[in-house]
Amino acid sequence: MQYWILKTEPDVFSFEDLINKKTACWDGVRNYQARKNLRLMELGDIAIIYHSNIGKEAVGIAKVVKKAYQDPTTKQDWSAVDVVPIEKLKKPVSLEQMKKDKILKNISLVRQSRLSVSPISKNDFERIKTLSKI
DNA sequence: GCCAACGTTGGC
DNA sequence: GCCAACGTTGGC
């Protein structure tokens, strides 16, 4: 059981879009490190959805419902997974909050902002959940 | 819109 | 295989 952060630009695909679609194919990843992470995802793994550029905040939680398969948007060797929304965070957790937070300031989202799929610890996940309820 | 950080590409 | 040039991402 692993936790992840999935980053998306909300004007391209937002958490609201995910809620509306119910199931989304998480495709378009074109980064080897991110691909590696995608392929490590297991059924039932949990992902924080983070909005980059616009908002710059964690907005919701999703679950992996289909393991990595061929990205349908390309013939090249890239992977996609399917996710469903679990819950919308009551209060989004901003990047600024995470940077200031003792626990979260070292997560890869903060340290390596370009990586679109990255693992986080259960502890980090719980911390984000806690912050979203304050 | 700018720039820093990072990844990728291509010439040697 | 190295490294400079270039492209992309994302925060500010």
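Lettering follows sequence order; numbering is per chain, from 1. Only heavy atoms go into these numbers, but all of them, side chains included; no hydrogens, no water, no symmetry mates.
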Q.
Expressed as a whole number of angstroms, how long is the span from A:Arg114:CZ to B:dC3:C1'?
A. 13 Å

**Q.** Whole angstrom value for the distance that separates P of B:dC6 from CG of A:Asn31
**A.** 12 Å

Q: Could you tell me the separation between the CD1 atom of A:Ile54 and the P atom of C:dC12, rounded to a whole number of Å?
A: 15 Å

**Q.** Rounded distance in Å - NZ (A:Lys105) to P (C:dG11)
**A.** 19 Å

Q: Using atom CD of A:Glu96 as one end and atom P of C:dG11 as the other, report the distance to the nearest whole Å.
A: 12 Å

Q) Should A:Glu96 and A:Lys56 count as an ion pair when the cut-off is N to O under 4.0 Å? A) no

Q. Between the side chains of A:Trp4 and A:Asp45, is a donor N or O closer than 3.5 angstrom to an acceptor N or O?
A. yes

(Q) Quick check on C:dC12: is either OP1 or OP2 less than 4.0 Å from any side-chain nitrogen or oxygen of A:Lys99? (A) yes

Q | A:Tyr50 side chain near C:dG11 phosphate (N/O to OP1/OP2, under 4.0 Å) | A | yes

(Q) Do A:Asp71 and A:Ser79 have side chains that approach each other closer than 4.5 Å (heavy atoms only, starting at C-beta)? (A) no

Q: Measure from NZ on A:Lys56 to C1' on C:dG11 and round the result to the nearest Å.
A: 6 Å

Q: Check the side chains of A:Ser116 and A:Arg35 for a donor-acceptor pair under 3.5 angstrom, ignoring hydrogens and angles.
A: no

Q. When the distance from CG of A:Asn53 to P of B:dA4 is rounded to whole Å, what number comes out?
A. 18 Å

Q: Whole angstrom is fine here: how far is it from CH2 in A:Trp78 over to P in B:dG7?
A: 12 Å

(Q) Once you apply a heavy-atom cut-off of 4.0 Å, does A:Gln33 come out as touching a base, just sugar-phosphate, or nothing? (A) nothing

